[in-house]
Amino acid sequence: MDELARFAMRTNACGTVTKNNLGDEVILTGWVHTRRDHGGLVFLDLRDRSGIVQVVVDPTQHAAFETAHTIRSEYVLYITGRVKERPAGTINPNLPTGEVEVEAYNIKILNKSKTPPFEIDGTSVDEVLRLKYRYLDLRRADMQHNLMTRHKVVTRVRDYLNNNGFIEIETPMLTKSTPEGARDFLVPSRLQPHHFYALPQSPQLFKQVLMVAGFERYYQLARAFRDEDLRADRQLEHTQIDMEMSFMTEEGILELVEGMVRDVFEIADVKIPTPIQRMTYDEAIHRYGCDKPDLRYGMEIEDISDIVEKADFKVFANTVKNGGAVRGIAAPGCGTFSRSRIDELTEFAASNGAKGLAWIALEPEGNVRSPIAKFFREDQIEAIIKRLKANPGDLLLFVADKPVKASSILGSLRIKLADQIGLIQPDVFNFLWLVDFPLFGWDEDENRLDPNHHPFTMPRVEDIPLLDTEPLKVRSYAYDLIINGTEVGGGSLRIYDQGLQEKIFELIGLNVEEAREKFGFLLEAFEYGAPPHGGLAFGLDRLVAILLQKKTIREVIAFPKTQTGSCLMSGAPDTVTEQQLRELHIKLS
RNA sequence: GGGGGCGUAGUGUAGCGGUUUAACAUUCCGGCCUGUCACGCCGGCGAUCGCGGGUUCGAAUCCCGUCGCUCCCGCCA
């Protein structure tokens, strides 16, 4: 019933005291949320994890009454009293316990508290202070709710996976540095001078070995470490719901995972449509200019190359002539934007790599305002408006560049504008599987093919012939789950054919020895009967943040780090002693 | 590595070149109060305006630097 009271020094948890307890003598423990001292009568709101209950202290209880006057916020109390109905007219409908109160006979102060640096009950507090005194910040109702929701998500996930034949297996935190991917966190080995472990960027290789080992369905709530710059949705360490399955098709994996996502969102009473909408990578890039489109609003990108290729506007015409594209979006209701407001957009586009940003403002009355309109015939402008499905009052924005680049710049503008003009309905959730990712990208710096997901990703069967001819056109069995424009999870089917795997290594410029050096143990394992397998990993922090509609994952992590990687509470990172360094055979420069 | 924002009593904000002894709310401290629940009323303490330098007759206010936090680009297979 009241699990916080079971085995405990109290008889009830504060938030669970109701009319059912009328007349009961109870022992409560908790923190003083607020004190209302009326001189002749003292009210204490006592708070524990379960909630708040009002304690009333009457002068007839001399000792308790004396104590009550000395009590301050956040003191820890042990209260003995009786549950009473509140007098008529004093019921507090805002409190689950608002119909009753506890008349205290005895108050024992278990611990005092310094005056907190901010009010636990208060609203916005500077994040520096919140992080420094995180234990106080975490007492706030909002943070308690966030972490409890996180716990519920984890519980749902475990239940779902356990019921579907998965077993949870831990993989090492001290492992081998693999040069692909993000920057590794390194841990020096004391026993083996000049050798280092790396903290895992993900359990990728180990979970595939577990498939070879015959576990068939594995999961782990795994911490993953990446030494890259932090963002609102990126910490140095994050938690993955990591999964791998054998003898599954892509379709099977997506369906299985949809069930898990459905269960998770039930926590927030969000019904998700299944099957979850699918979209190919190519379509997303063309229509939304990114591989994680937010489909809660429109503003789709349209190609107008064919309309403008013969127009007098040289920038557009030449771009098309040289194999580029001219594309645009229609920003609803932005036709009245001032010149300076549009200049800001141009600057933003430039910071995303645009050479320029052309625009046509359709004023609400029907006038066209634009520095480039004079280069077009009326019928061309009409055609553009029609292509972009624009309405009076819209602002049309155009980028001329290489096709994909034009789309990606417009994609960034689309997101920025949607945010600026409030197009995003915050309590709507949009789920999307993005599928058919290209197997490779092109690494401009090193002038070679680069695996888009990772080197074990399986190319789509029908595209395998293209490996030799047009490898950049090869699609893969790789998929991402996108919620509201955030990549929440991603994975792939893996290669289990040695010949194919060697070919992929070759294509990305790894010879057999190099591949052995980097992934040897996995490749060796594959020689002993690797089953077809595949999997994915979810970012738990992002998932919970989206569920709770939080802007940053710091709100759903108990002890997060700042953008410079500091823990303001513990003071990490910090210097270490000479002695520690000596044992690790490390000399600082 | 680059671009933007913020930094003023414990907390949240206002003030943005001069009658400002830096304001308001809240917290905190003291007093009064037997039905409050953001308790109320009265009184009080509390800030050299992140730090350093510059411009100026005069700087919280303008400029430069620096530190911290934050958002974004790069980066994050």
Side-chain angles (χ1 to χ4, degrees), chain A residues 33-46 52-60 65 69 72-74 84 86-95 97-98 101 103 114-133 136 178-184 201-202 204-205 224-236 238 344 347-354 408-409 412 415-416 419 437 439-441 443 445 449-457 476 478 487 490-492 508 518-519 537 539 551-552 554 561-566 568:
Chain A
H33 195 62
T34 51
R35 177 185 63 120
R36 292 178 295 280
D37 189 339
H38 288 226
L41 193 69
V42 180
F43 296 98
L44 301 168
D45 284 346
L46 194 67
I52 286 172
V53 69
Q54 173 167 284
V55 175
V56 59
V57 193
D58 195 88
T60 54
F65 191 67
H69 287 303
R72 295 295 180 269
S73 285
E74 302 305 313
K84 299 216 156 167
R86 290 199 187 189
T90 65
I91 285 170
N92 184 349
N94 302 320
L95 229 49
T97 61
E101 62 191 4
E103 198 176 82
K114 286 170 72 170
T115 300
F118 52 85
E119 291 149 69
I120 307 301
D121 210 6
T123 46
S124 69
V125 184
D126 188 79
E127 200 173 0
V128 176
L129 214 58
R130 292 179 56 199
L131 291 176
K132 180 167 181 195
Y133 298 95
L136 298 179
T178 52
E180 306 284 319
R183 197 177 291 110
D184 275 324
Q201 293 181 27
S202 86
Q204 185 62 37
L205 303 180
F225 303 85
R226 294 173 190 179
D227 189 5
E228 299 291 348
D229 287 1
L230 294 87
R231 288 286 155 74
D233 62 351
R234 273 161 39 187
Q235 284 272 308
L236 297 178
H238 72 281
E344 269 173 42
E347 244 170 74
F348 175 79
S351 78
N352 281 275
S408 97
I409 291 161
S412 309
I415 294 167
K416 187 190 173 67
D419 185 45
F437 276 79
L439 188 63
F440 302 114
D443 188 326
D445 297 333
L449 293 171
D450 193 40
N452 222 330
H453 185 51
H454 61 56
F456 312 107
T457 303
S476 61
E487 179 197 333
S492 64
I508 61 176
K518 291 181 177 184
F519 315 109
K551 283 204 175 70
T552 108
R554 296 188 297 276
K561 293 184 176 55
T562 67
Q563 197 162 44
T564 47
S566 298
L568 297 179

Spacing between A/Asn94 atom CG and B/U36 atom P, to the nearest angstrom: 14 Å

A/Leu568, nearest nucleotide to its side chain (from B/C75, B/C69, B/C37): B/C69

B/C71 phosphate, OP1 or OP2, under 4.0 Å from A/Gln563 side-chain N/O: yes

Closest to side chain of A/Pro117, choosing from B/G10, B/C76, B/U34: B/G10

Nearest-nucleotide pick for A/Val128, side chain only, options being B/C37, B/U34, B/G68: B/G68

Aromatic ring of A/Phe43 stacked on base six-ring of B/U36, 5.5 Å, 30°: yes

Base of B/G10 paired with side chain of A/Glu119 (donor-acceptor, under 3.5 Å): yes

Separation between the C1' atoms of B/C39 and B/U26, rounded to whole Å: 14 Å

Donor-acceptor under 3.5 Å (A/Glu101 side chain, A/Lys84 main chain): no

Basic-acidic side-chain contact under 4.0 Å: A/Asp229, A/Arg234: no

Candidate pair A/Asp126 and A/Phe118, rule side-chain contact (heavy atoms from CB on, under 4.5 Å), full reasoning: CA-CA 10 Å; A/Asp126 188 79; A/Phe118 52 85; over 6 Å; no

Rounded distance (nearest 0.5 Å) linking atom CD1 of A/Ile52 with atom OG1 of A/Thr97: 8.0 Å

Touch class at under 4.0 angstrom, heavy-atom based, for A/Gln235 against every strand present: nothing

Of the listed nucleotides B/C76, B/U70, B/C37, the one nearest the side chain of A/Arg226: B/C76

5' precedence on RNA chain B between A/Glu228 and A/Lys561 (nearest-nucleotide basis): A/Lys561

Sugar-phosphate only, base, or nothing, as touched by A/Pro87 at under 4.0 Å among non-hydrogen atoms: base

Plane angle bin for A/Phe65 and A/His69 - parallel if under 30°, tilted between 30 and 60°, otherwise perpendicular: perpendicular

Whole-angstrom distance between B/C49 and B/C62, as gauged at atom P: 15 Å

Separation of atom NZ in A/Lys84 from atom P in B/G35, rounded to whole Å: 17 Å

Complementary nucleotide of B/C69, counting Watson-Crick and G-U pairs under 3.5 Å: B/G5

Phosphate OP1/OP2 of B/A77: any A/Thr457 side-chain N/O under 4.0 Å: no

Phosphate OP1/OP2 of B/C39 contacted by A/Arg36 side-chain N/O (<4.0 Å): yes

Protein-nucleotide distance (A/Asp126, atom CG; B/C6, atom C1'), rounded to Å: 9 Å

Between B/C72 (C1') and A/Asp419 (CG): distance, integer Å: 12 Å

Base-pairing assignment for B/G17 (Watson-Crick or G-U wobble, both under 3.5 Å): none

Sugar-phosphate only, base, or nothing, as touched by A/Asn452 at under 4.0 Å among non-hydrogen atoms: sugar-phosphate

Rounded distance in Å between the P positions of B/U56 and B/U66: 23 Å

Distance, rounded to the nearest Å, where A/Lys518 contributes NZ and B/A77 contributes C1': 11 Å

Below 4.0 Å: OP1/OP2 of B/C73 and any side-chain N or O of A/Arg231: yes

Length of the CD-P vector between A/Glu127 and B/G7, whole Å: 16 Å

Sugar-phosphate, base or nothing in reach of A/Gln204, heavy atoms under 4.0 Å: base

Residues forming a salt bridge (charged side-chain N to carboxylate O under 4.0 Å, His left out) with A/Arg231, sequence neighbours excluded: none

Pairwise P distance for B/G54 and B/A60, with rounding to whole Å: 15 Å

A/Gln201 side, atom CD; A/Asp227 side, atom CG - distance, nearest 0.5 Å: 9.5 Å

Donor-acceptor pair (no angle test) under 3.5 Å: A/Glu344 side chain, B/G4 base: no

Base-pairing assignment for B/G12 (Watson-Crick or G-U wobble, both under 3.5 Å): B/C24

B/U36 pyrimidine/purine six-ring stacking with A/His38, under 5.5 Å and 30°: no

Value in whole Å for how far the P atom of B/G4 lies from NZ of A/Lys416: 13 Å

Proximal nucleotide (of B/G74, B/U34, B/C37) relative to the A/Asp229 side chain: B/G74

Sugar-phosphate, base or nothing in reach of A/Asp121, heavy atoms under 4.0 Å: nothing

Sugar-phosphate, base or nothing in reach of A/Arg86, heavy atoms under 4.0 Å: base

Sugar-phosphate, base or nothing in reach of A/Leu129, heavy atoms under 4.0 Å: sugar-phosphate

Exam field: side chain A/Ser202 to backbone A/Ala224, donor-acceptor pair closer than 3.5 Å: no

Footprint string (nucleotides 42-47 of chain B, 5' to 3'): B base within contact, S backbone only, - free, heavy atoms under 4.0 Å: ------

A/Gln235 side chain vs A/Lys561 backbone, donor-acceptor pair below 3.5 Å: yes

Separation of the C1' atoms in B/C33 and B/C41, to the nearest angstrom: 8 Å

Among B/C29, B/C69, B/A77, the nucleotide that comes nearest once only the side chain of A/Ser202 is considered: B/A77

Sugar-phosphate, base or nothing in reach of A/Pro116, heavy atoms under 4.0 Å: nothing

Sequence-distant partners of A/Glu74, salt bridge (charged side-chain N to carboxylate O under 4.0 Å, His left out), two or more places apart: A/Arg47, A/Arg139

Sugar-phosphate only, base, or nothing, as touched by A/Ser124 at under 4.0 Å among non-hydrogen atoms: sugar-phosphate

B/C71 phosphate, OP1 or OP2, under 4.0 Å from A/Arg554 side-chain N/O: yes

Under-4.0 Å side-chain N/O to phosphate OP1/OP2 contact, A/Thr562 with B/C69: yes

Separation between the P atoms of B/G18 and B/U61, rounded to whole Å: 11 Å

Residue pair A/Glu127 / A/Leu568, side-chain heavy-atom distance below 4.5 Å: no

Which residue lies more 5' along RNA chain B, comparing A/Ile91 with A/Phe118 via nearest heavy atoms: A/Phe118

Under 3.5 Å donor-acceptor, A/Arg35 side chain and A/Val42 backbone: no

Sugar-phosphate only, base, or nothing, as touched by A/Gln54 at under 4.0 Å among non-hydrogen atoms: base

Partner nucleotide of B/A38 by Watson-Crick or wobble geometry (both distances under 3.5 Å): none

Side-chain donor/acceptor contact of A/Arg72 with base of B/C29 under 3.5 Å: no

Nucleotide paired to B/A60 in any strand shown, Watson-Crick or G-U, under 3.5 Å: none

Rounded interatomic separation in angstrom, taking CZ from A/Phe65 and P from B/C33: 10 Å

